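Here's the structure, in structure tokens; my notes come after.
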There are 2 protein chains.
Amino acid sequence: MATRETNPNFMNGVPELLVLRLLQHEEMYGYEIVQAIRERTDAVIVFGEGVVYPVLHGLEHDGALRSRRKTVNGRSRIYYSVTAAGSRRLAALSQTWNNLATAIQSMLMGGHHAKTAS
Amino acid sequence: MATRETNPNFMNGVPELLVLRLLQHEEMYGYEIVQAIRERTDAVIVFGEGVVYPVLHGLEHDGALRSRRKTVNGRSRIYYSVTAAGSRRLAALSQTWNNLATAIQSMLMGGHHAKTAS
DNA sequence: CGATGATACCTTGTGGTTCTATGTATTGCA
DNA sequence: TGCAATACATAGAACCACAAGGTATCATCG
């Protein structure tokens with residue numbers, strides 16, 4: 001009911017974020033995305049197909065992605081591209097991630113704080 | 001059995017990280033930690049008591065924290081401080097977080113990449 | 001003196017993401 | 001023919017974090 005009042009787990013959404021980001025400038029297909037994430041992060045982040053495909057389906061279902069089937073070398077691929085809604089979603093996710101990363105960074109670096117504040 | 005071979009969800013461990021970091025220089029008690037995280041992150045990150053207490057117990061159980069009971073103003077508090085093992089754990093978690101944040105950051109900022117690489 | 005709110009601790013149940021594992025089918029190569 | 005890579009897909013489990021609730025003490029205010 002209602003619009004989902006519960007806080008989504010604040011950390012999640014990274015697979016979504018990376019997928020949207022990859023698709024922002026060029027259309028790609030699932031299998032390609034799996035490898036792109038591994039390669040571009042030097043294997044720091046490795047999302048299996050079991051992670052990527054459900055994300056793609058979910059994003060398409062939400063209208064953030066659009067797909068078209070294409071056959072290359074006898075291989076059937078499903079290329080995804082970002083819709084306007086997807087662009088907005090990407091912007092929002094980026095923002096959220098930035099806030100989070102900044103907050104954590106400041107805690108990790110910040111001096112102990114001293115309660116001196118009046 | 002063995003020691004848990006499965007990849008822990010790559011994003012997790014942030015509550016642990018922040019708790020250890022807060023306790024690194026001064027001992028604190030649970031309720032205080034809850035508020036400290038909220039205040040120092042300007043409420044970007046808000047961990048409830050249901051998050052913090054289990055983390056404290058888990059870390060103590062693992063020997064990363066040590067606790068001592070203290071009564072102040074008739075209020076019983078349990079102060080936690082970091083052990084040597086806890087320090088190592090903090091270092092490891094920090095490193096992991098850094099790698100992750102760096103990887104994501106590079107994906108968010110990086111140019112599209114062009115497959116031109118020979 | 002009773003109620004309320006802040007302090008301080010704790011646990012249980014649930015929810016949603018992510019992971020591992022597996023399944024199918026095609027192409028190319030040895 | 002068999003194996004590896006390509007390309008899609010789903011199911012089951014694991015897991016963390018969260019909301020919600022529960023206890024108890026102290027201070028405050030009516």
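No experiment lies behind these values; they were computed from the predicted model shown. Computation of the quantities below employed the complete heavy-atom set of this structure, encompassing side-chain atoms and omitting hydrogens, waters and symmetry-equivalent molecules. Just so it is clear: chains get the letters A, B, ... in the order the sequence lines come, proteins before strands, and each one is counted from 1.
For residues 63-72 of chain B, the pairs satisfying side-chain hydrogen bond (donor to acceptor under 3.5 Å, both in side chains) are B/Glu27-B/Arg68, B/Glu60-B/Ser67, B/Arg66-B/Ser81, B/Arg69-B/Ser76, with sequence neighbours left out.
Interatomic distance, CG of B/Leu65 versus CG of B/Leu20, reported as 5.5 Å (0.5 Å rounding).
Residues A/Gln24 and A/Arg21 bring a donor and an acceptor atom of their side chains to less than 3.5 Å of each other.
Between B/Met28 and B/Leu23, the closest heavy-atom pair is N-CD2, 3.4 Å. Contact detail for A/Val55 and A/Pro15: the closest heavy-atom pair is CG2-CB, 4.0 Å.
Not a single side chain to side chain donor-acceptor pair (under 3.5 Å) links B/Tyr53 to another residue, sequence neighbours left out.
Residue A/Leu100 contributes atom CG, which lies 13 Å from atom C1' of D/dA17 at whole-angstrom precision. As rounded to whole Å, 12 Å separates atom P of D/dC8 from atom NZ of A/Lys70. A/His57 has its NE2 atom 14 Å from the C1' atom of D/dA11, to the nearest Å. Here the P atom of nucleotide C/dG5 and the OH atom of B/Tyr31 are 13 Å apart, to the nearest Å.
Between A/Gln35 and the phosphate of D/dT6, there is a side-chain N or O to OP1/OP2 separation shorter than 4.0 Å. Residue B/Tyr53 places none of its side-chain N or O atoms closer than 4.0 Å to OP1 or OP2 of C/dC10.
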- Using a cut-off of 4.0 Å between protein heavy atoms and nucleotide atoms, how would you tag nucleotides 24-30 of chain C 5' to 3' with B, S and -? --BB---
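The residue among B/Tyr29 and B/Pro54 whose nearest nucleotide of DNA chain C lies closer to the 5′ end is B/Tyr29. A residue-by-residue look at A/Gly50 and A/Ser76 shows that A/Ser76 has its nearest nucleotide of DNA chain D further toward the 5' end.
Using a 4.0 Å heavy-atom criterion, one finds that A/Glu16 contacts no nucleic acid atom at all.
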